[in-house]
Number of protein chains: 2
Amino acid sequence: MTIATRALAALPTDLPQVERLATIPLGFVAGAGIAGIKASGRPDLAIVATQPGPDGIRVPASAAAVFTPNAFAAAPVRLSQAHLTATEAGGNGRFGWATAIISTSGSANAATGAAGDADQAEVANVLAAALLTTTEQTLLLSTGIIGTRLPLDRVRAGIASVAPRLNATDAGLAAAAEALRTTDSVTKAATTTITLPDGDGYTVRPVRVTGIAKGVGMIHPRMATMLSIVLTDASVDPATLHGLLRPAAARTWNQLSVDGDTSTNDTVFLLASGAAGAATVTAGTREAVELGRAIEAVARDLARQQAADGEGATTLITCQVSGAADDADARAVARAVVSSSLVKAAAHGRDPNWGRIAGAAGNATLADEAVLAAAGLPQGAARSRSGTAAELDPNRLRIAIAGHPVFDGAAGGPVPFDREAARAAMEGPELLLRLDLGLGEGTGEAFGCDLTETYVVENSEYTT
Amino acid sequence: MTIATRALAALPTDLPQVERLATIPLGFVAGAGIAGIKASGRPDLAIVATQPGPDGIRVPASAAAVFTPNAFAAAPVRLSQAHLTATEAGGNGRFGWATAIISTSGSANAATGAAGDADQAEVANVLAAALLTTTEQTLLLSTGIIGTRLPLDRVRAGIASVAPRLNATDAGLAAAAEALRTTDSVTKAATTTITLPDGDGYTVRPVRVTGIAKGVGMIHPRMATMLSIVLTDASVDPATLHGLLRPAAARTWNQLSVDGDTSTNDTVFLLASGAAGAATVTAGTREAVELGRAIEAVARDLARQQAADGEGATTLITCQVSGAADDADARAVARAVVSSSLVKAAAHGRDPNWGRIAGAAGNATLADEAVLAAAGLPQGAARSRSGTAAELDPNRLRIAIAGHPVFDGAAGGPVPFDREAARAAMEGPELLLRLDLGLGEGTGEAFGCDLTETYVVENSEYTT
């Protein structure tokens with residue numbers, strides 16, 4: 001007896017629309033240049049800073065961060081954590097105050113020991129002096145080869161060249177986005193605008209959230225680094241800002257996998273200038289929810305741009321899971337599906353292979369949630385289930401590939417489908433895999449890309 | 001200031017030597033045939049059974065098992081668990097008594113719903129009838145395509161053909177090993193002999209441990225399945241036998257990764273006939289330790305044969321970790337290294353890329369240990385640390401690639417080395433990666449293979 005298999009549509013999103021533009025929020029300046037760290041001679045040094053106030057001193061922005069949980073965290077990660085702690089001790093290195101962010105591309109300054117730490121501290125000092133701010137209000141990003149030292153003379157000259165040219169234009173932020181790139185094939189930016197109440201409570205002000213990012217995957221020259229800078233002109237205290245960033249990152253960047261490796265340098269910085277003139281957003285209010293959604297919308301779009309640009313990738317894979325016992329389960333299952341080498345290879349071959357999807361889903365555990373917790377990100381639920389398997393009942397599971405129902409556990413399992421039509425639907429730059437677990441109300445999604453010969457060639461033939 | 005970097009030699013093993021032969025232990029018979037489940041017409045049905053006693057009834061062997069933790073566990077996995085529980089309720093489906101094992105290749109009988117369960121029960125009934133034993137004393141293995149039904153008529157005919165030809169010869173067991181294969185390029189078998197005290201305590205008896213296995217990796221036609229049957233003629237009660245199998249599997253098969261996917265059908269069965277005439281081995285004795293080592297030696301060699309035969313692989317990667325806080329940490333770090341797509345691709349390119357190794361090690365968590373626990377395998381230590389990061393201090397870490405020291409955290413990090421000599425040392429069918437964490441006495445190893453274009457091609461171009 002076969003029951004009709006219900007369709008599995010794409011999950012609706014209540015996130016605001018974004019545009020892929022580097023529209024700079026109020027209160028910030030940005031710019032970039034060529035320091036010569038990269039052998040290619042392409043832009044490799046970016047600076048984003050707050051604007052000076054009436055007293056000529058740069059106005060500190062609320063700052064929140066998410067860092068790699070890798071035990072080999074690079075020098076810029078550890079120094080940024082120390083600076084955040086210095087500006088707000090209660091933030092434990094996860095939030096505080098900042099006036100400037102510098103990104104250097106070409107050297108990761110990871111696994112460089114005490115010498116690398118000293119190099120990075122010198123970068124912070126030079127940046128602070130050039131911008132007339134304090135060292136502890138600087139935040140630092142690096143990406144590039146692991147184990148090589150920063151060329152300090154070039155970085156010093158680069159800062160001296162870029163600092164005077166910082167400006168409050170979209171072109172300045174776009175230049176910074178361009179300079180974040182290593183082998184990213186495109187510059188990545190996303191922006192959205194919401195309205196929040198003015199201080200008087202009767203009018204509203206437009207509030208901008210804009211993010212720039214560099215791609216993920218094993219990026220030539222040999223770094224798997226995910227970096228992003230998100231700016232907003234909302235007014236938010238650091239702890240609240242971090243409270244907004246954490247769940248947004250958990251639902252977006254943490255759900256992104258290109259090759260399963262977490263780099264030594266992964267960092268997201270979120271700065272809020274307050275320059276839009278809207279009232280300060282406090283935790284637990286409707287305004288906080290709206291701002292959080294705007295941040296998540298930008299983060300989600302950047303994560304999708306990064307997945308689509310994964311090394312060698314030809315297809316962005318989005319896996320959406322509904323009907324899970326809770327959101328943590330849904331996210332774990334979605335992550336397992338997009339992380340499976342077998343699913344990724346099948347996507348590359350445009351093969352509607354539901355067996356691999358079912359196998360990967362059955363292999364999901366909530367272990368990563370514990371890593372999240374270690375990184376200061378929230379678990380999906382209060383209960384501690386780290387390391388346990390996600391709840392999954394094969395007799396309730398439904399799977400659809402690119403809109404084609406292929407498996408319905410309640411109807412006996414495999415569902416007859418038009419294989420050629422499914423293959424045709426899998427062509428194109430995006431592939432949606434939908435699973436419904438039939439157990440509860442939990443939903444989640446994850447983003448990945450197909451596994452191609454190009455990935456292997458690029459990562460095996462290049463010699464350090 | 002650079003201190004001399006101490007050499008990191010391969011970890012010594014105290015395991016007994018093995019030979020890659022299918023030498024059948026006393027008390028067992030085996031055989032195989034062509035049932036026609038596989039379209040290729042190659043052998044696809046194998047039976048291993050105990051010999052009849054003087055009363056003509058097959059003598060039950062102690063049986064221990066390790067199964068996949070995949071939530072989509074296939075019908076043969078769930079039926080075998082039920083049978084073990086039926087023969088020894090206290091074993092919770094992990095140990096009990098058995099007289100026969102049947103393996104069918106070509107269909108995984110996974111995700112086939114209630115119909116698949118009924119099919120598998122029928123296979124058990126037919127096998128029991130043919131071998132004059134009870135259904136609940138049968139154990140079942142399947143490998144092949146997910147979501148396809150077993151062709152019952154062919155399986156019935158295959159059993160009728162193979163059962164009368166079972167024999168106590170090495171050729172019979174080798175035929176069974178051959179019939180386990182799907183796309184394995186070679187048949188996998190390993191054997192060792194130890195001596196254990198006779199019942200009188202004055203003389204010793206040779207005791208044989210022999211395993212056969214099929215390879216891992218996404219094996220055409222599209223199954224990632226690890227199956228093994230290990231036989232011994234030692235005398236051991238089921239609970240003790242399981243106590244020996246668990247840690248051996250944790251140190252060998254659980255440390256094996258080809259593509260990071262755990263299949264719906266993974267199973268290891270260990271049967272002990274007691275036919276060697278040695279005294280019964282009891283837990284906690286020197287004899288139990290010796291038998292455990294023999295089992296581990298066979299398991300380790302089979303795991304290495306499987307890694308070397310991973311799809312598209314050209315190099316067996318062994319990662320050995322010493323100096324960890326405990327063995328669980330060492331195993332977690334070793335697993336992370338051999339599982340990294342970036343390390344695997346670098347191995348393929350014979351690139352001594354220590355940055356990728358350090359990055360992967362820093363990314364290790366003990367999460368898998370919790371999965372192990374869920375699967376009934378022991379954690380490395382009594383404390384529960386599932387989901388936490390493995391303890392790792394970059395300033396104490398040392399790394400050697402194919403005998404070449406490349407990183408020494410205590411000496412500032414990167415160690416100058418002869419890159420061309422290291423590349424040359426990475427050629428060949430085996431690559432040893434050595435890490436010392438400099439923290440404690442924990443050791444562990446893991447086995448994997450390089451990531452090649454062939455893997456991607458084989459797993460993306462084939463159409464189900």
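Convention: sequence-line order gives letters A, B, ...; per-chain numbering from 1. FYI, side chains are in, hydrogens and waters are out, and symmetry mates aren't considered; it's all heavy atoms of this structure.
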Open item on the list: Just verifying a value: how many Å separate B:Asn353 CG and A:Ile146 CD1, rounded to the nearest 0.5 Å?
Closed with: 7.5 Å

Task: Atom pair CG (A:Asn109) and OG1 (A:Thr143), whose distance is rounded to the nearest 0.5 Å - done: 11.5 Å

Task: CA sep, side-chain torsions, deciding dist, call: B:Asp351, B:Arg423, side chain to side chain contact (heavy atoms under 4.5 Å, CB included) - done: CA-CA 6 Å; B:Asp351 174 14; B:Arg423 290 183 70 88; 4.3 Å; yes

TODO: Please state whether the side chain, the backbone, both or neither of A:Ala114 comes within less than 4.5 Å of a heavy atom of chain B.
DONE: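 Contact with chain B is absent: no heavy atom of A:Ala114 under 4.5 Å.
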
- [ ] Pick one of side chain, backbone, both or neither for A:Ala358, based on which atoms fall under 4.5 Å of a heavy atom in chain B.
- [x] both

Task: B:Arg398 side chain reached by B:Pro405 side chain, heavy atoms, under 4.5 Å - done: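 No, too far: nothing below the 4.5 Å cut-off.
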
TODO: Using a cut-off of under 4.5 Å on heavy-atom pairs, state which of B:Gly413, B:Ala347, B:Gly113, B:Pro394 scores highest against chain A.
DONE: B:Pro394

Open item on the list: Between B:Ala115 and chain A, with a heavy-atom cut-off of 4.5 Å, which part of the residue counts as in contact: side chain, backbone, both or neither?
Closed with: neither

